[in-house]
Every structure is written in structure tokens, then in C-alpha cells.
Novice: 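To start, I am sharing the structure in question, which I have written as C-alpha cells.
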Amino acid sequence: MFDQLSALPADPLLGLISIYRDDTNPNKVDLGVGVYRDETGHTAIMSAIQKAARQHMETEDSKTYIGPQGVPGFVSGIKSLVFGTASSALSNQRVAGIQTPGGCGALRVGAELLKRVKGELTIWVSDPTWANHIPLMKSAGLEIKPYPYFNIETGAVNFEAMDAQLAKLGPNDIVLLHGCCHNPTGADLSFENWQQVAKRASEQGFIPFVDIAYQGLGDGLEEDVKGIRYLSEQVEELIVATSCSKNFGLYRERTGCLMIQTKNSEQADAIQTQIQDVARANYSMSPAYGGYLVDIILSNDALRTEWKNELDSMALRVKSLRSGLLENIQQQGIDKDFSFITQQKGMFSYLGINIEQVRQLRNEFSIYMADSSRINVAGLNTQCLEYVAKALKSVL
Ligand SMILES: Cc1ncc(COP(=O)(O)O)c(C=O)c1O
């Protein structure tokens, strides 16, 4: 039977990890995989997470199953973190929620819930979008179409084109949006853009599905969810998938949350049973550990402040790397305008160079990035900025 199935090509981005590891060039720079790194290139465990882990180890007294929803304090903590304590949807108990195995798990359970709804739904994704959005939605059986999003010339959102597409959608459409720190481009919707998306959603009847995997890594914990919170007040139904991989550094603990805002609390109760049922049919229930740690942090003032401060300093480091890179590029006297680098948000930036130039950077300078020219800005450090800028000049 299995001889019918041949080996699949390696994931191009994950494949870069081993090529980078084996590269002996002392100047090598890894701008590939999207994980936060400190100045030394290390992805450290956040100090609040370490403290929460110690506390959890001392107090956990059983490994029996938790409920299908996951760690209840985690789900309610994430709901408040994303929707805000003043949210009318939360106070009216209109938001169902479930802990999931990472943001991917949240996206997938959300997609499968949509598959249970009558009618042929189309899910619209930004062009470009995070590569894994496509298989996550497709494997759930949803039809996917791209909406215009990015202007490669300006490095910013082409909102006019996006809005023109949204104006054509209807109640059988779902629009997948990046809550902040768009992956892969770093180009985010402005607050005015979010207002227009909300208006279109109300008028046209499509449902926004917001993926937020970088809350706190753009302009701050509150700023980064302004768009989602506005949408939540303006539309009746909304789907939000969140990840604790980056902002709590819990990558391998697979910690995420799916939240479904419904028209009323009765519907939220019904949807709660549906999403738990989707999870049950796939993996039964989410791993609990990461949820416990996040719950401990969010419900303890001192730990929460410590976590927020560390997250703020991570975001600040990425911002200063953006300015540093731009400064170095300008010092090299490169013709192309790269000023978009400091306007974009979060860890990613699309350099807008072609695949030959990407390959040349890899082969001649040991600078590794995705073929699309997406760089993980957090992979830079103050020591390599000049080297990267000079290499860029040379391939341009
Ligand atoms: C846009 C986006 N959504 C979701 C995720 C999900 O991450 P995870 O499943 O690791 O929590 C990621 C991770 O890179 C991402 O970039």
C-alpha cells in the first residue's frame, strides 16, 4: 500500500536550518525561520515563563486529563488579552474558546468548524500570506482564493486593491486577516484600514477570521489588537486564532487559542460544543502545559509585568534592528529605497529582491533567507548589520 506514496520535498524554509548549521563561514547570518532571537542568536526562555514553570512544578499534583476546553484560566486570560477587559462580546458571553495545539491548531479547528457550516464557503487569504495558511485551510476542505494585499514597489499594503476585492464578497466568504505583524511582509493594515474592513464585513456579510501570532511584538500588547477589538465591536461574528509561540516563547509547547465570537450567548454555548467536538475528532484535547504557564503569568500581577517588560524589550530590539539595517543600507549608497523596513511591523520584512539575488546572498555571503526574500529581522544583530548591507549592495 505505502509504495503508492512517494517522498515529499523537504520544506524549503526548514531545510535551510541544516544547511545553515553546516555552513562554516564565521560571518553566516540566519534570517530564515521565524523565531525570535536575542543579540547572540539564542531563542531564550522568557524569565516569567521560567518562574511560572517552577511554580507549576511545585503545585501540579496530577497528570489526569483536563477538560476538552483546555486550561480554563488560560482560555479566559487569552480572551481578555485579545478582546480586552472592556469587550462587550466578552461581557455578554458571546465568545466561545478552546485551547489548541499552537496557533496552527487554532487555525485548523477554526477551518474545520467552518466546514461544518452549510454552503460552499471560500476563504480569502492575503497575497502573499504565511505559507502554512494554505495547507491548514485546504486540508480542512475549504476553497482558498487570494485577495490583493501587498505592493512590492512600496513595501506597504495596497489597501485600495484589497478593499475593491472585499466589496465583491458576500455571506459565503471568510476573510483571513493578520491581526498584526503580517507574515511574511511586515506590512500591516492601518487603523483606518481596519475600520473599512469592519464596514465591508457588516455591509457584505462576510466573516473576518483573524490570525494573531505576534501580539506585543509590533507596537505593544494593546496597540497590536486595536484592529481586532474594533472589528469585535462592529461585527456580530468573528473568528480569532491566537498563538503563544512568539509572545510567550512557548514554540515547542504548542500553545494557542481559538475564539469564536457569535451573535448571542446561546450560540456561543452551541459553538463551544462544536469546537470541542472538532478537537475530539482530531487529537482529543490540547496539551495543557503551556496553558498552565500562561495562566500563571496572566493572573499574577508581578509575573505579568515581568513578562510584558520582556516582550516590550524584544519588540524594541526588533525596531532598533530595523533602523540599524536601514541606516547601514543608506550608508552603502544603495539606489533602491528600503525605507519601508522601518515602517513595517514585527519580525518580518520582504526585501523585494529576486530569487537569484537571494541565492547569491546565500552562496556568496552565507546570508540565509526565504526564497521570497522574507527576512526574520530578529535574526540580525548589531555586529552583522554592515556585513548584510554590504552584501545586499553587492547583489543589487
Ligand atoms: C502568521 C502565523 N500564524 C500562525 C502561526 C502559528 O504558530 P504556532 O502554531 O507555532 O503557534 C505562525 C507561526 O509562525 C504565524 O507566523
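In this chain, residues are counted from 1 in sequence order. This structure is a prediction, so every number in the text was calculated from the model and none was measured. Each ligand, and each atom within it, is numbered from 1 in the order the structure gives.
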Novice: Who's the nearest protein heavy-atom neighbour of atom 5 (C) of ligand 1, and how far?
Specialist: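 Looking only at protein heavy atoms, the one closest to atom 5 (C) of ligand 1 is Trp130 CH2, 3.4 Å.
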Novice: Enumerate the atoms of ligand 1 whose separation from the nearest heavy atom of Arg254 is less than 4.0 angstrom.
Specialist: 8 (P), 9 (O), 10 (O), 11 (O)
Novice: Step through it carefully: locate the ring centre of Phe191, locate the ring centre of Tyr230, and say whether they are under 6.0 Å apart.
Specialist: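 Yes; Tyr230 has its ring centre under 6.0 Å from that of Phe191.
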Novice: So, regarding Lys246 and ligand 1 (criterion: nitrogen or oxygen to nitrogen or oxygen, under 3.5 Å), is there a contact or not?
Specialist: yes
Novice: Which ligand 1 atoms does Gly102 reach within 4.0 Å, using its non-hydrogen atoms?
Specialist: 9 (O), 11 (O)
Novice: Report the residue from Asp30, Asn376, Asn381 that forms a side chain to side chain donor-acceptor pair (under 3.5 Å) with Arg37.
Specialist: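 When Asp30, Asn376, Asn381 are each tested with Arg37, the side chain to side chain donor-acceptor pair (under 3.5 Å) holds only for Asp30.
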Novice: Do the numbers put Lys246 on top of the ring of Phe248, so that NZ or CZ is under 6.0 Å from the six-membered ring centre and no more than 45° off the axis?
Specialist: no
Novice: Quick one: does Thr255 get an N or O within less than 3.5 Å of an N or O on ligand 1?
Specialist: no
Novice: When hydrophobic residues are tied together by side-chain contacts of less than 4.5 Å, even through go-betweens, does Val318 share a cluster with Val35?
Specialist: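 Per the 4.5 Å side-chain linkage, Val318 and Val35 are co-clustered.
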Novice: Can you pull out the closest protein heavy atom to atom 7 (O) of ligand 1? Residue, atom name and distance to 0.1 Å, please.
Specialist: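 Of every protein heavy atom, Ser243 OG, 3.8 Å lies nearest to atom 7 (O) of ligand 1.
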Novice: Just say parallel, tilted or perpendicular for the rings of Tyr149 and His182, cut-offs at 30° and 60°.
Specialist: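 Tyr149 and His182: parallel rings.
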Novice: If I apply the N/O under 3.5 Å rule, does Gly105 come out as touching ligand 1?
Specialist: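 No, no N or O pair falls under 3.5 Å.
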Novice: Among all protein heavy atoms, pick the one closest to atom 3 (N) of ligand 1 and tell me residue, atom and distance.
Specialist: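 The answer is Asp211 OD2, 2.5 Å.
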Novice: Side chain to side chain contact (heavy atoms under 4.5 Å, CB included) between Leu177 and Val197: does it pass, once the steps are laid out?
Specialist: CA-CA 10 Å; Leu177 300 153; Val197 171; 4.0 Å; yes
Novice: Would you kindly specify which portion of Tyr214 sits under 4.0 Å from ligand 1, judged on non-hydrogen atoms: side chain, backbone, both or neither?
Specialist: side chain
Novice: When you compare ligand 1 with Cys104, is there at least one nitrogen or oxygen pair between them that comes in under 3.5 angstrom?
Specialist: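 Yes; the residue has a nitrogen or oxygen that sits under 3.5 Å from a nitrogen or oxygen of the ligand.
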Novice: Please say whether the positively charged group of Arg374, taken as NZ for Lys or CZ for Arg, lies over the ring of Tyr350, i.e. under 6.0 angstrom from the six-membered ring centre and within 45 degrees of the axis.
Specialist: no
Novice: Do the side-chain N and O atoms of Asp163 and Gln196 include a donor-acceptor pair separated by under 3.5 angstrom?
Specialist: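 There is such a pair (donor and acceptor under 3.5 Å, judged by atom type) between the side chains of Asp163 and Gln196.
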Novice: For Thr262, is there any backbone N or O sitting under 3.5 Å from a side-chain donor or acceptor partner on Glu236?
Specialist: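 Judged by distance alone, no pair lies under 3.5 Å.
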Novice: Under 3.5 Å between some N or O of ligand 1 and some N or O of Ser245?
Specialist: yes
Novice: Identify, by atom number and element, the atoms of ligand 1 in contact range of Ala213, meaning under 4.0 Å from any of its heavy atoms.
Specialist: 2 (C), 3 (N), 4 (C), 5 (C), 12 (C), 15 (C)
Novice: Heavy-atom contact under 4.0 Å between His182 and ligand 1?
Specialist: no
